[in-house]
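Written out below as structure tokens is the structure these notes cover.
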Amino acid sequence: MKLVIVESPAKARTIAGYLGAGFVVESSIGHVRDLPRNAADVPVSHKKEAWARLGVDTANDFKPLYVVPADKKKQIGHLKKLIKEAEELYLATDEDREGESIAWHLTEVLKPRIPVKRMVFHEITPDAIRHAVDSPRELDRRLVDAQETRRILDRLFGYEVSPVLWKLVRPKLSAGRVQSPAIRIVVDRERERMRFRAAAYWDVAGEFSVAAGTFGAILSALDGVRIASGKDFDREGGITREDVMLLDRAGAEGVVADLDEAAFTIRSVESKPYRRSPYPPFRTSTLQQEAGRKLRFTSQHTMRVAQRLYENGYITYMRTDSVSLSESAIATARAQVIEMYGREYVPDSPRIYISKVKNAQEAHEAIRPAGDTFRTPDQVRRGLTRDDADLYELVWKRTVASQMSDAVGESVQVRLGGTGASGRDAEFSASGKVISFPGFLRAYVEGSDDPDAELEDQERRLPPMSERERAVAERLEVAGHETKPPARYTEASLVKRLEDLGIGRPSTYASIIQTIQDRGYVWKKGSALVPSFTAFSAVRLLEEHFTDLVDYGFTARMEEDLDEIADGQRKMVPYLKAFYFGNGHPGLVELVSKAFDKADAREINTLPFEGLEGVVLRSGRYGPYLERGEDRVGVPEDIAPDELTPARATELLEAPSGDRVLGDDPVTGLAVLVRSGRFGPYVQLGENGDGAKRPTASVFKSMSVETLTLEEALQLLSLPRVVGHDLQTGEEITVANGRYGPYVKRGADTRSLATESELFTVTLEQAMTILAQPKRRRGQAAKGPLKDLGADPSTGWNVVVRDGKFGPYVTDGGVNVSLRREDTVERMTVERASVLLAERREKLEAEGKPVKAGLPPVG
DNA sequence: CAGTGAGCGAGCTTCCGCTTGACTT
């Protein structure tokens, strides 16, 4: 028996059918080993290494630590069993960097003692598979090196830079080679929108009739001077040309009045041949784009549906950057076109598409209907859900159209003019398009992100007319226009932009979109991707401190370097050394430490906002807020950054706060308010305004905001209360409500009170009694140790298990250490605790921190 | 982002790219 391993189970099933008896075809289900994802993934043997956090030994030639992820263990076990019965192993993973790497990892994990052959194919047809089996090759270690370099670089980037964001922006944020430029693209577009100033312009639209019919035309020039239109303005609202005339409403109305009785003549009719070729077949990115535009699918939904179609044999593999079709697929497409539309709808020779995508690895075919004869959408629709059938139809149409003839026709440009009462010459123009042979357009028209552009493709017929023919203005109307800011990215257009930059891979486009939303960098408003204020802070930090890493060309340059590693012109270790430690330029380590030292959190979290004197926009722990002197007001989550105009900001700052006035304080005459704050409801004496501090007090938990009375509020505001003076020392004793609840205080000495109401009732004697008691540590003293383990055999100090805010821990009175994941309170022994404590002491010493002595056993 | 007093300590978050089921609700 010969064992063949491919990446995908569905592919394994297909190939098994082609190879027949004597072969067992199985799958690896993607990568089988990877760097440890987190501390829990690191094997015990390596936990102590300083580099365990990274999973890469940066001091020793970046040696990676590989582990088999939990969800792959079962399959690896299965493969190990199979290999025992096999006489030969064929590694048939994709022929690209990642596929070669999977093949190598398989040999490392399975350790086969039988002959191992590497076989590759780019299309799944019986001939191609047979040929691949008959002409195996060796594993290409240099290609594996290139993959390993890519993997390590991504890990170092992600795991070194993310902590900088945790410290300076917000915990749990992330940075990476792919996601960070993606966020930057979205933020950059929002910045453009914020800078954008609309420009208004007017023109005149006319309806004209000639002998053969009527048509619409737009005023294009007055006395030979071109009328300004949308393309003549820049994004700051300025006009970019001096030789055009800008019409305002009055100007446009003047033109209409002037032309009231004018006679018009056709001045020129120019026609040019029109020809368009079909689009190439789908690859992952274009499938996501078109499914987004035409079916309103998200990238993720498109991929889920495509996966289902693939597994059930409807389409070929859906994660591909290739646009090429197998010979048999081309033949099938052409035959289907002839059958459905006729022979004139296929060109004489087949169309061959070659990928122009940066970094294309071309391990697969384009996405097309599976099989040697394509089932038509009508044939499959019955057995499929609506979404499945719609996506199949899209794939089918695009594939068939890609082998069809060009669309051919004529485009026509007409100019006509007349003289106004004032003697001023006015010229109008109109354009039309007539398609004489639709070719591929019969089957497929690509969608567009821009609705105006979509109209461009449509046929617009003009009536036949000739030069010097008379035209009558049936109607002339003024029309006002405004320039529009550049549109926000959609999932589809962001995927396209990333692909154009060579960032990300077909298998990751959908997850990139997901990640940047999960991290709170981007949110969706309809189908538009809107960057959060956090994204602005993060991008700013990265731009200032990791300029090269978020450069849009970084991945493209990395890919060139990886190609050189795959070619043998360059070596992995020196490359990673230069990236990490620097080489004539600062390395990653230096950039990270500089960012930690120098970056100013306050500055990074100050966001772009202009137009209001004394008002700044900041991003804080509780989200974005506007600050004006003492006043602070939160910015609602659903406001997009470019919508926060000075007018909107003023509105927020002036908005009634929802505070309730309970009445006036009889002593000061000031208003008493209930407000809602960070720590819950509180009462305040006097309105904000002059910057003076206002006394406040938290509303007791036993009180309700709705029924709170002025009397209760005044009582609350009477805190802190002086209870009296210490009978011995004369020190003042007060009671107050603090962040840990009610307490009594004498100098620096404090004790908690049991209830809030005691704040009003406690007498001096009671306060003295409470203060005389030893300080109770919350939890510890109250609950006592969970378990007493007795004397540590190595130190002699008494060890107990206690419960803390981070869960159970052992302590000898000097050093504390949390129980590990594998420990439980019940199973804890003094021997185990002794080991944990020794480790902790060692670590403290290594970090130069003081190690406190423990306490001996009592008695 | 109202202000206010402590204590004893920890470990985690995160990358990109290959692939599917196995989970829970």
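Here the structure is a predicted model, which is why all the values come from computation and not from measurement. By convention in this document, chain letters (A, B, ...) are assigned in the order of the sequence lines, proteins followed by strands, and residues within each chain are numbered from 1.
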- Query: How long is the line joining CG of A:Leu759 and C1' of B:dG3, in whole Å?
  - Reply: 15 Å

- Task: Rounded off to whole Å, could you give me the CD-to-P distance for the A:Gln684 and B:dC1 pair?
- Result: 14 Å

- Whole-Å gap separating C1' (B:dC15) and CG (A:Leu35): 9 Å

- Message: With nearest nucleotide decided by heavy atoms, which residue, A:Arg632 or A:Lys745, maps closer to the 5′ end of DNA chain B?
- Response: A:Arg632

- salt bridge (Lys or Arg N to Asp or Glu O under 4.0 Å) partners of A:Lys11, counting only residues at least two apart: A:Asp94

- Message: With a 4.0 Å cut-off on N to O distance, would you call A:Arg150 and A:Glu98 a salt bridge?
- Response: yes

- Can you name the residues that form a ring pair (Phe, Tyr, Trp, His ring centres under 6.0 Å) with A:Tyr159, not counting sequence neighbours? none

- Check the geometry between A:Tyr809 and B:dA10 and answer yes if their rings are stacked (centres below 5.5 Å, planes below 30°), otherwise no. no

- Query: So what does A:Pro163 touch, heavy atoms closer than 4.0 Å: a base, only the sugar-phosphate, or nothing?
  - Reply: base

- Task: Name all pairs fulfilling the salt bridge (charged side-chain N to carboxylate O under 4.0 Å, His left out) condition that reach into residues 159-172 of chain A, sequence neighbours left out, sorted by first residue then second.
- Result: A:Arg53-A:Glu160

- Given atom CG of A:Leu549 and atom P of B:dC15, what is their separation to the nearest angstrom? 15 Å

- Task: Kindly state each residue pair satisfying salt bridge (charged side-chain N to carboxylate O under 4.0 Å, His left out) with at least one member in residues 27-40 of chain A, sequence neighbours excluded.
- Result: A:Asp34-A:Arg151, A:Arg37-A:Asp41

- Query: According to a 3.5 Å limit on both distances, what stems of 3 or more consecutive Watson-Crick or G-U pairs are formed with DNA chain B?
  - Reply: none

- Message: Using a 4.0 Å heavy-atom cut-off, does A:Phe157 contact any base of the nucleic acid, only the sugar-phosphate backbone, or nothing at all?
- Response: nothing

- Check every strand shown and say whether A:Leu173 touches a base, only sugar-phosphate, or nothing at a heavy-atom separation below 4.0 Å. sugar-phosphate

- Message: OP1 or OP2 of B:dC15 versus the side-chain N and O atoms of A:Ser174: is any pair under 4.0 Å?
- Response: yes

- Sugar-phosphate atoms are those with a prime plus P, OP1 and OP2; base atoms are the rest. Using that split, label each nucleotide of nucleotides 16-24 of chain B B, S or - for protein heavy atoms under 4.0 Å, 5' to 3'. BBBSS----

- Query: So, A:Asp154 and A:Arg177, do they make that salt bridge, N to O below 4.0 Å?
  - Reply: yes

- Taking CG from A:Leu717 and C1' from B:dG3, how many angstroms apart are they, rounded to a whole number? 13 Å

- Message: A:Glu758: which residues meet the side-chain contact (heavy atoms from CB on, under 4.5 Å) condition with it, sequence neighbours left out?
- Response: A:Leu753, A:Ala754, A:Thr755, A:Thr761, A:Val762

- Item | Counterpart residues, salt bridge (Lys or Arg N to Asp or Glu O under 4.0 Å), relative to A:Asp518 (two or more places apart) | none

- Task: Rounded off to whole Å, could you give me the CG-to-P distance for the A:Leu153 and B:dC15 pair?
- Result: 15 Å

- Message: Among residues at least two apart in sequence or on other chains, which ones pass side-chain contact (heavy atoms from CB on, under 4.5 Å) with A:Val615?
- Response: A:Phe609, A:Leu612, A:Leu626, A:Arg628, A:Leu653

- Take the protein atom NZ of A:Lys48 and the nucleotide atom P of B:dG11, then report the distance between them rounded to whole Å. 13 Å

- Do A:Glu627 and A:Val616 have side chains that get closer than 4.5 Å, going by heavy atoms? yes

- Message: Looking at A:Asn816, I'd like to know whether one of its side-chain N or O atoms comes within less than 4.0 Å of OP1 or OP2 on B:dA10.
- Response: no

- Query: So, A:Trp166 and B:dT13: ring centres less than 5.5 Å apart, planes less than 30° off, yes or no?
  - Reply: yes

- Length of the CG-P vector between A:Leu716 and B:dA2, whole Å: 18 Å

